Amino acid sequence: MPKDTKRSTAKTTRTGKKKKDPNAPKRGLSAYMFFANEQRENVRAENPGIAFGQVGKVLGERWKALTTAQRKPYEDKAKADKQRYEDEKLAYQGGGADDEDEDDD
DNA sequence: ATTTTGATTGTTTGT
DNA sequence: ACAAACAATCAAAAT
């Protein structure tokens, strides 16, 4: 039996965010996010007057309804987003390698 | 090196 | 602005 490695996906939206990172390099988005961005209109369009959580549910079902091929475009964006985060984390850790100029806020 | 955990992403509606 | 359900993620920390 495969180790589940505890998947905490049931908590959902933790408004009380405790970050230990100094400058908190926000991660990248997820494929689902991009997928939702596109489908949200479609789902809502097909479900007039759909409830709050319902939309999300239907959305998720549709998401899995796709194949890796369909997710590909979304995953692609997700990866691109990750790279975006990479820059953040890079700057988040790598302060000044040799010389750096940053805008004082 | 491996495992776990924690933090984060964006959307929906309604108040 | 935030509240859950939906899925991914994945990088960093702990072991």
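Heavy atoms only: backbone and side chains are in, while hydrogens, waters and symmetry mates are out. Owing to the predicted nature of the structure, the values given are computational and were not obtained by experimental measurement. Residue numbers start from 1 in every chain, and the chains themselves are labelled A, B, ... in the order their sequence lines are given, proteins ahead of strands.
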For the pair made of CG in Leu59(A) and C1' in dT13(B), what is the distance, rounded to whole Å?
-> 14 Å

Is Phe34(A) touching bases, backbone alone, or none of the nucleic acid, heavy atoms closer than 4.0 Å?
-> nothing

Quick one: pull up NZ in Lys82(A) and NZ in Lys89(A) and give me the separation to the nearest 0.5 Å.
-> 5.5 Å

For Gln39(A) and dA5(C), what is the distance between atoms CD and P respectively, to the nearest whole Å?
-> 22 Å

Phe35(A) atom CZ is separated from dT12(B) atom C1', nearest whole Å, by 13 Å

Phosphate OP1/OP2 of dA11(C): any Lys82(A) side-chain N/O under 4.0 Å | yes

Pick the nucleotide of DNA chain B nearest each of Ile50(A) and Asp81(A); which residue has the one closer to the 5' end?
-> Asp81(A)

Closest of dG6(B), dC6(C), dT9(B) to the Tyr32(A) side chain is dC6(C)

Could you check how far CE of Met33(A) sits from P of dA7(B), rounded to whole Å?
-> 18 Å

To the nearest Å, give me how far apart NZ (Lys79(A)) and C1' (dA7(C)) are.
-> 17 Å

Does Lys26(A) have a side-chain nitrogen or oxygen under 4.0 Å from the phosphate oxygens OP1 or OP2 of dT9(B)?
-> no

Picking from dA7(C), dT9(C), dA11(C), which would you name as closest to the side chain of Tyr85(A)?
-> dA11(C)

Take the protein atom CD of Glu61(A) and the nucleotide atom P of dT12(B), then report the distance between them rounded to whole Å.
-> 18 Å

Could you tell me whether the side chain of Arg44(A) has a donor or acceptor atom within less than 3.5 Å of a complementary atom in the base of dT12(B)?
-> no

Distance in Å, Gln83(A) CD paired with Glu86(A) CD, rounded so as to fall on 0.5 Å steps | 6.0 Å

Atom CG of Asn47(A) and atom CG of Leu59(A): how far apart are they, to the nearest 0.5 Å?
-> 10.0 Å

Glu75(A) or Gly56(A), whichever maps to the more 5' nucleotide of DNA chain C | Gly56(A)

For a side chain to side chain contact (heavy atoms under 4.5 Å, CB included) with Gln39(A), tell me which candidate from Tyr32(A), Phe34(A), Trp63(A), Tyr74(A) qualifies.
-> Tyr74(A)

Taking only the side-chain nitrogens and oxygens of Lys57(A), find out if one of them lies under 4.0 Å from OP1 or OP2 of dC6(C).
-> yes

In whole Å, what is the span from the CH2 atom of Trp63(A) to the P atom of dT9(C)?
-> 8 Å

Establish, with yes or no, whether the OP1 or OP2 oxygen of dA8(C) is under 4.0 angstrom from a side-chain nitrogen or oxygen of Arg71(A).
-> yes

For Phe52(A) and Ser30(A), take the nucleotide of DNA chain B holding the closest heavy atom to each; which residue's nucleotide lies nearer the 5' end?
-> Ser30(A)

Can you check side-chain contact (heavy atoms from CB on, under 4.5 Å) on Val55(A) and Arg40(A), steps first, answer last?
-> CA-CA 8 Å; Val55(A) 182; Arg40(A) 104 203 128 163; 5.8 Å; no

How close or far is atom P of dT12(B) from atom CZ of Arg62(A), stated in whole angstroms?
-> 16 Å

Scan Arg40(A) against the nucleic acid and name what it touches under 4.0 Å (heavy atoms): base, sugar-phosphate only, or nothing.
-> sugar-phosphate

